[in-house]
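A quick write-up on the structure given underneath.
Since this is a predicted model, take the numbers as computed values, not measurements. The figures here come from the full heavy-atom set of this structure, side chains too, leaving out hydrogens, waters and symmetry mates.
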Amino acid sequence: MTLPAVTFSPDQAEAYDRIAAALRGVGVDLEDGSLSPATEGVSRVLAVIGKAGSGKTLLLAELTRALEAAGVELVSGDYEGRKRKDRRTLAILAPTNKAASVLRNRGVPATTIHRIIYTPVYDPEYERVAEWLAGTGERPEIEGLSDVALDRALAFYQIHKSIPGALAAAGLRGSDFITGWKRREEPLDIGFVDESSMLDEKQFTDLKDIFPTLLLFGDPAQLAPINQSGGMVFDSLPAPARLELSRIHRQEADNPILDLAHALADPALTFEDFERMVEQAAARDDRVVWAQRVEVDLMARSPVLVWRNATRIRLIHAFRAVHGAPEDALLEGEPLICDGLELPLKHRKKRLDLEARGLIKGAQVVYLGAGRKPGFSRLHVIGAEDPQVNAASIVKIEKPDEEEPFIPYAAKMGATFLHGAAVTIHKAQGSQWENVQVFAPDLYAAARMGRSEAGQPLWKRLAYVAITRAQERLFWIVRNRLSKPSGPLRVDDLKALAAPALSLEMQEEGEV
């Protein structure tokens, strides 16, 4: 068959061929670009597994381009066109906002699993604009929307392929054109899932119900979901359905961060040996830093990665203290982590609305200030497609040696948040940051305990996950010290990322 223009390694080429054969079996021929209607009752799950740097993302991107070139429509979480009998679709998913944004930054139009399970309900009048933008309807005439506004929406959509973003660029708020959210009732077609090592069994079952053809991309060396006995969902697939990428693709210059990550596979390697490798790597390459203290300036956008919960709380307390944060309030620019939603069943619509806007468990958020009503907060959801929201919030700040957290802001119901200046390595899975600080004394403590997970020392799995979160630079923190900040916390950089016209604001109704 004809492979894409990129140069594949033998294992990537074999995986591509086997996936292409599976797609041909469900009516999508990548070689001649022909499509036939999906066959009822036919389902298939495949997994592409490999360690960091093995080319999983490259393969996902090339398959996406080949499917789009064959006429398969890309489906996102923001709008879905009218169904046609012969229509074939592809959705690209990730478990977290940050993981989805990493793919989008590489040109792959990814969305979160929540955004594909919950679909928006559009106002019928503005749905005509969405159909026109998607190429399935005529240019509409809408009262209150000038030709200039429509042209602005079209120009935005042609670049970003986002219906809500285009409508916002025309001067509309999300509450103008999205009237609510509903759980998807009908299945889709083909689904690609990145960071699938994070999936639990329930998510996997939901995805199999939605996608007859499902392709998982995952790293078997990462940490398995909590309460899943060290296993990952692709472990249960039969051997022919698991396509393994074994070769590690480096940058033109060797990547010392990947070198360290893959050195952990040596069963004879001790923690002390590994630390010597980190120190030696730092001496010859500035992409690895042997650090005597935590850099507080980095903590506002990329949390320090730790193993122990007590370490996390101490670092958060130190971060707030060094910034002079008051005990009864948050400073603009403080990082938060969404810890779930506290909403009764009767508020299911609000739950869907919050989750669809990116406030899912584990989401990274930056506090922008108080909302217009008591208990509401203005928030920037890191990695979300429409990042700025205004939501009822319950903020909990834990303190060292105290059982009950301090709560500076609390609505009666809404999204709950913990402080995000430091997070556990488990919670960091699926995310990547330009600079990553790893708190090495915690990994030493894990090594001393001698615990194992899935047959490998726990400290090695923790170190592997933590190290591979770094895109550009790794800080290996060896002392329990914190630097002083170079200046106050800031939010102007986030406002530049999401202009007001593109902000989808939560409706402040009732108590949520």
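Rounding to the nearest 0.5 Å gives a distance of 13.0 Å between CD1 of I92 and OG1 of T112. Here E73 contributes atom CD and L188 contributes atom CG; the two are 11.5 Å apart, rounded to the nearest 0.5 Å. For the atom pair CD1 of I257 and CD of Q471, the computed distance is 9.5 Å after rounding to the nearest 0.5 Å. L223 contributes atom CG, which lies 13.5 Å from atom NZ of K427 (distance to the nearest 0.5 angstrom). A distance of 7.5 Å separates CG in D11 from OG in S54, rounded to the nearest 0.5 Å. Residue I19 holds its CD1 atom at 11.5 Å from CD1 of I190, rounded to the nearest 0.5 Å.
M232 has its side chain out of reach of I49: every pair of non-hydrogen atoms, C-beta onward, lies at least 4.5 Å apart. Side chains of L443 and F274 form no contact here, defined as non-hydrogen atoms less than 4.5 Å apart. Using a 4.5 Å cut-off on side-chain heavy atoms (C-beta onward), H426 and T424 make contact. Between F8 and L59, some side-chain heavy-atom pair lies under the 4.5 Å cut-off. Looking only at side-chain heavy atoms (C-beta outward), E14 and L243 stay at 4.5 Å or farther from each other. Taking the side chain as every heavy atom from C-beta outward, R301 and E434 never approach each other to under 4.5 Å. Using a 4.5 Å heavy-atom threshold, the side chains of L46 and L237 count as separate. Residues L199 and F234 have side chains not in contact (no heavy-atom distance under 4.5 Å, counting atoms from C-beta outward).
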For residues 203-213, tabulate all N or O donor-acceptor pairs below 3.5 Å that involve a side-chain atom, not counting sequence neighbours.
| residue | atom | partner | partner atom | Å |
| --- | --- | --- | --- | --- |
| Q203 | OE1 | D200 | N | 3.1 |
| T205 | OG1 | E201 | O | 3.0 |
| D206 | OD2 | K202 | NZ | 3.2 |

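Between the side chain of Q437 and the main chain of E295, a donor-acceptor pair closer than 3.5 Å is present. Remark: side-chain polar atoms of K56 are not paired, donor with acceptor, to backbone N or O of E195 under 3.5 angstrom. Panel note: side chain Q12, backbone G55; a donor-acceptor pair is recorded below 3.5 Å. Between the side chain of R469 and the main chain of Q432, no donor-acceptor pair closer than 3.5 Å is present. The backbone N or O of D339 sits nowhere less than 3.5 Å from a side-chain atom of K396 that would complete a donor-acceptor pair. Under the 3.5 Å distance criterion, the side-chain polar atoms of T416 are matched with a main-chain donor or acceptor of G340.
In the displayed structure, R44 atom CZ is contacted under 6.0 Å by at most 12 heavy atoms of other residues, nucleotides or ligands.
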- What's the verdict on salt bridge (charged side-chain N to carboxylate O under 4.0 Å, His left out) for R65 and E62, showing C-alpha distance, side-chain angles and the deciding distance? CA-CA 5 Å; R65 280 191 272 273; E62 292 304 320; 2.6 Å; yes
- Item | Verdict with supporting geometry, T64 and L74, side chain to side chain contact (heavy atoms under 4.5 Å, CB included) | CA-CA 9 Å; T64 299; L74 295 178; 4.2 Å; yes
- Message: For a side chain to side chain contact (heavy atoms under 4.5 Å, CB included) check, start with the C-alpha distance between I337 and Q364, then their side-chain angles and the critical distance, and finish with the verdict.
- Response: CA-CA 5 Å; I337 297 288; Q364 295 170 255; 3.7 Å; yes
- Verify side chain to side chain contact (heavy atoms under 4.5 Å, CB included) between Y122 and I163, making sure each step is shown before the conclusion. CA-CA 11 Å; Y122 277 71; I163 296 291; 3.4 Å; yes
- With side chain to side chain contact (heavy atoms under 4.5 Å, CB included) as the test, would you mind laying out the steps for L30 and L67 before giving the verdict? CA-CA 7 Å; L30 299 184; L67 284 163; 3.7 Å; yes
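Residues passing the salt bridge (charged side-chain N to carboxylate O under 4.0 Å, His left out) test with D194, sequence neighbours excluded: none. With sequence neighbours left out, A445 forms a side-chain contact (heavy atoms from CB on, under 4.5 Å) with W307, R308. By the salt bridge (charged side-chain N to carboxylate O under 4.0 Å, His left out) test, R106 pairs with no residue at all, sequence neighbours left out. Taking the ring pair (Phe, Tyr, Trp, His ring centres under 6.0 Å) definition, one finds that F271 meets it with Y444, W459, sequence neighbours left out. The side-chain contact (heavy atoms from CB on, under 4.5 Å) check on V296 picks up M299, F319, V322, H323, L482, S483, P485, with sequence neighbours excluded.
Each of V365, I360, I382 was checked for a side chain to side chain contact (heavy atoms under 4.5 Å, CB included) with N97, and the lone residue meeting it is I360. If you run side chain to side chain contact (heavy atoms under 4.5 Å, CB included) between S196 and each of L216, V48, L214, D219, only L216 comes through. When each of L260, T468, D285, N435 is tested with L474 by the rule side chain to side chain contact (heavy atoms under 4.5 Å, CB included), just one qualifies, namely L260.
For the residue pair M277 and A263, the shortest heavy atom distance occurs at CE-CB, 3.3 Å. The minimum heavy-atom distance between A110 and A100, with the atom names listed, is CB-O, 3.8 Å. What you find for R473 and D286 is that their closest heavy atoms are NE-O, 2.8 Å. Scanning all heavy atoms of the two residues, the minimum distance from R312 to A422 falls at CG-O, 3.3 Å. When all heavy atoms of I113 and P95 are compared, the pair lying nearest together is CD1-CA, 4.0 Å. For I116 against A91, the heavy-atom pair with the smallest separation is CD1-CB, 4.1 Å.
Using the six-membered ring where Trp is involved, F217 and F192 have ring planes that are perpendicular, over 60° apart on the 30 and 60° scheme.
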